[in-house]
Amino acid sequence: MKIVLIKSKLPVVENYQEEVYDENEIIIKLKACGICGSDIGNIFENSSKPTTKIGHEISGVISEIGSKIKDYKIGERVILNHHCPCEECYFCLHGNETMCEKFTEQIEPCGLAEKFKISNWIIKKKGIFKIPEKMSFNEATMIEPLACCLRSWNKIKIQKKDTVMIFGFGLIGIFHSIIANQKQLETIIIEKDNYRKEFGKREKLSHSFLNFKNIEFEKYNEEINLCIIANHDIACLNVALKVLKKGGVVLFFGEPRANSIIKLDMSLIYSKEIKIITSYSATNKDFIDAMEFISKNNIDLSKFITHEFKIENAEEGIKIAKNGKNRIKVIISANK
């Protein structure tokens with residue numbers, strides 16, 4: 001089978017031996033995998049959450065199943081949470097499930113492989129979900145990133161008509177803007193890529209679209225209730241501190257690269273009582289919430305897919321995802 005590996009800071013497609021499964025495990029045949037910003041960080045840069053595995057926004061079909069597995073059937077269309085918390089430890093009981101020591105990758109060899117094995121831990125913790133009947137495999141890959149976004153909003157308090165400034169308008173920024181619109185907030189998008197800005201205007205996803213380099217942020221000083229950093233540019237943090245109202249919130253969502261260091265004016269944070277909140281990944285409940293959110297708001301996920309590549313051409317697709325220009329979501333497909 002074909003698999004995408006990381007070698008010398010590059011994605012490489014190679015042939016790989018299929019995984020052997022036991023009576024308590026499941027084999028998934030990959031149908032589609034979205035390329036996430038964290039994949040780009042792990043391949044080309046130094047990630048703050050490093051892994052040697054590529055691919056976690058995955059959809060597929062159950063192709064082989066262990067003899068002791070009773071809740072799933074061969075041929076079922078599924079997505080999965082590739083790491084599930086224990087729900088019993090200190091972190092889980094304090095609402096920090098993604099910090100659980102059991103919250104580790106539980107698929108082999110990785111998500112971006114024509115076939116991969118699901119551990120019994122994911123099965124036991126019910127981290128496999130059936131894809132809604134009318135949803136395509138490509139669309140289903142976006143349930144995971146939406147779940148991550150929804151989880152982050154559970155950490156903050158916001159009111160109708162408040163103003164949110166979102167830094168970055170890739171798929172994550174788009175999902176945050178959709179959530180903000182659903183909550184009846186005023187939105188301002190900061191994005192340098194004209195393709196993404198024009199897409200957002202056509203889809204009426206925000207009230208304003210501004211360029212990070214050209215904007216005069218002074219006119220927004222202490223006008224914003226919530227700033228969401230939906231990219232890995234930590235320089236946005238200092239801008240956020242200036243534009244936020246007193247008592248405002250920074251939601252630091254985009255994954256910073258390893259050892260990212262920035263100088264902050266702590267007197268400003270203290271005197272304005274600014275809250276800085278981070279959020280990483282998603283729980284099983286967030287996956288369920290994401291599917292309900294898509295259905296309730298009738299979201300057409302297909303419009304966010306700008307590029308699709310077969311797994312044998314994954315290297316090209318991943319490089320386009322890294323470049324970032326004139327694209328929103330890159331999908332790698334297999335077994336179609």
Side-chain angles (χ1 to χ4, degrees), residues 32 34-37 40 57 59 79 131-132 134-153 156 158 160-215 220 224-233 236 251 253-254 282 286 289-309 317 320-321 323-331 333:
I35 301 302
C36 175
I40 300 303
E57 300 174 354
S59 65
I79 58 171
I131 298 173
K134 296 182 179 180
M135 185 179 290
S136 71
F137 288 110
N138 284 1
E139 292 168 333
T141 65
M142 288 178 273
I143 291 173
E144 192 273 348
L146 177 58
C148 297
C149 292
L150 288 172
R151 179 175 184 266
S152 70
W153 281 81
I156 59 179
I158 205 78
K160 291 181 182 179
K161 307 303 180 183
D162 280 353
T163 302
V164 54
M165 181 175 283
I166 301 173
F167 296 83
F169 204 59
L171 183 67
I172 292 301
I174 287 172
F175 279 157
H176 280 302
S177 69
I178 291 173
I179 296 169
N181 290 335
Q182 189 266 344
K183 294 180 178 292
Q184 300 180 41
L185 307 181
E186 297 290 324
T187 58
I188 301 171
I189 304 299
I190 312 300
E191 172 59 55
K192 62 183 179 181
D193 184 74
N194 287 328
Y195 176 88
R196 295 181 187 180
K197 287 192 290 186
E198 291 305 313
F199 176 86
K201 291 175 183 177
R202 289 196 307 271
E203 297 297 325
K204 299 179 180 180
L205 293 176
S206 177
H207 303 87
S208 303
F209 290 86
L210 307 171
N211 190 313
F212 185 86
K213 291 185 177 180
N214 300 331
I215 185 176
Y220 291 101
I224 309 299
N225 301 96
L226 169 66
C227 284
I228 300 177
I229 300 177
N231 56 30
H232 63 267
D233 184 2
C236 299
L251 176 57
F253 188 94
D286 301 314
D289 290 344
M291 287 186 279
E292 291 178 352
F293 186 89
I294 292 165
S295 176
K296 178 181 178 181
N297 294 282
N298 196 28
I299 300 173
D300 180 6
L301 295 170
S302 65
K303 65 179 65 176
F304 306 135
I305 301 171
T306 53
H307 297 78
E308 181 179 357
F309 294 84
I320 286 177
N323 179 271
K325 295 181 179 179
N326 299 325
R327 64 91 176 145
I328 295 175
K329 195 63 180 177
V330 176
I331 299 291
S333 61

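Side chains included, hydrogens not; waters and symmetry mates left out as well; all remaining heavy atoms used. As the structure is a prediction and not an experimental result, all values here were calculated from the model.
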Novice: Check side chain to side chain donor-acceptor pair (under 3.5 Å) between Thr306 and all other residues, then give those that pass, not counting sequence neighbours.
Specialist: none

Novice: Search all heavy atoms of Ala230 against all heavy atoms of Ile166 and return the closest pair with its distance.
Specialist: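 Ala230 and Ile166 have their closest heavy atoms at CB-CG2, 4.2 Å.
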
Novice: With sequence neighbours left out, what residues match Asn194 under side chain to side chain contact (heavy atoms under 4.5 Å, CB included)?
Specialist: Lys197

Novice: Minimum heavy-atom separation for Thr187 to His207, with atom names?
Specialist: N-ND1, 3.0 Å

Novice: If I take atom CD1 from residue Ile228 and atom CD1 from residue Ile156, how far apart are they, to the nearest 0.5 angstrom?
Specialist: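 The CD1 atom of Ile228 sits 5.5 Å away from the CD1 atom of Ile156.
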
Novice: Just verifying a value: how many Å separate Asp193 CG and Asn211 CG, rounded to the nearest 0.5 Å?
Specialist: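 If we round to the nearest 0.5 Å, Asp193:CG and Asn211:CG are 10.0 Å apart.
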
Novice: Might you work through the side-chain contact (heavy atoms from CB on, under 4.5 Å) test for Tyr220 and Ile188, ending with a clear yes or no?
Specialist: CA-CA 10 Å; Tyr220 291 101; Ile188 301 171; 3.5 Å; yes

Novice: Nearest 0.5 angstrom please: Ile294 CD1 to Met142 CE, how far?
Specialist: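 Output value for this atom pair is 8.0 Å.
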
Novice: Could you walk me through whether Ile158 and Val164 satisfy the side-chain contact (heavy atoms from CB on, under 4.5 Å) test, starting with their C-alpha distance in whole Å, then the side-chain angles of each, then the deciding distance to 0.1 Å, before giving a yes or no?
Specialist: CA-CA 9 Å; Ile158 205 78; Val164 54; over 6 Å; no

Novice: Please check if the side chain of Asn225 supplies one atom and the backbone of Thr163 the other of a donor-acceptor pair under 3.5 Å.
Specialist: yes

Novice: Write down the atom of Lys329, the atom of Gly34, and the distance for their closest heavy-atom approach.
Specialist: CE-CA, 4.0 Å

Novice: Using residues 167-175 as the side-chain source, report each donor-acceptor pair under 3.5 Å to any protein atom, sequence neighbours left out, with the distance given to one decimal.
Specialist:
none

Novice: Which distance, rounded to the nearest 0.5 Å, do you find between the OG1 of Thr141 and the CG of Leu301?
Specialist: 8.0 Å

Novice: Can you run down the side chain to side chain donor-acceptor pair (under 3.5 Å) pairs that involve residues 175-185, sequence neighbours left out, and say none if there aren't any?
Specialist: Trp153-His176

Novice: Quick one: closest heavy-atom pair of Ala282 and Arg151, and the distance?
Specialist: CA-CD, 3.9 Å

Novice: Yes or no on side-chain contact (heavy atoms from CB on, under 4.5 Å) for Ile229 and Asn231, after CA distance, side-chain angles and deciding distance?
Specialist: CA-CA 6 Å; Ile229 300 177; Asn231 56 30; 3.4 Å; yes

Novice: Just do the side-chain contact (heavy atoms from CB on, under 4.5 Å) check on Glu144 and Ile79 with the steps written out, would you?
Specialist: CA-CA 8 Å; Glu144 192 273 348; Ile79 58 171; over 6 Å; no

Novice: Should His307 and Ile35 count as side-chain neighbours, where that means a heavy-atom distance under 4.5 Å?
Specialist: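 Answer no - side chains too far apart.
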
Novice: Just how far is it from atom CG of Leu226 to atom CD of Glu186, taken to the nearest 0.5 Å?
Specialist: 13.5 Å

Novice: Provide the closest heavy-atom pair for Leu146 versus Ala290 in the form atom of the first, atom of the second, distance.
Specialist: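 That would be CD2-O, 3.7 Å.
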
Novice: Do Ser333 and Phe137 have side-chain heavy atoms sitting under 4.5 Å apart?
Specialist: no

Novice: Show me the pairs that pass salt bridge (Lys or Arg N to Asp or Glu O under 4.0 Å) and involve residues 295-309, at least two apart or across chains.
Specialist: Glu203-Lys303, Glu308-Lys336

Novice: About how many Å separate SG of Cys149 and CD1 of Ile179, when rounded to the nearest 0.5 Å?
Specialist: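 Reported to 0.5 Å precision, the distance equals 5.0 Å.
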
Novice: Can you list everything that forms a side chain to side chain donor-acceptor pair (under 3.5 Å) with Arg327? Sequence neighbours excluded, please.
Specialist: none

Novice: Without swapping roles, check the side chain of Asn297 against the backbone of Ile299 for a donor-acceptor pair under 3.5 Å.
Specialist: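 Judged by distance alone, no pair lies under 3.5 Å.
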
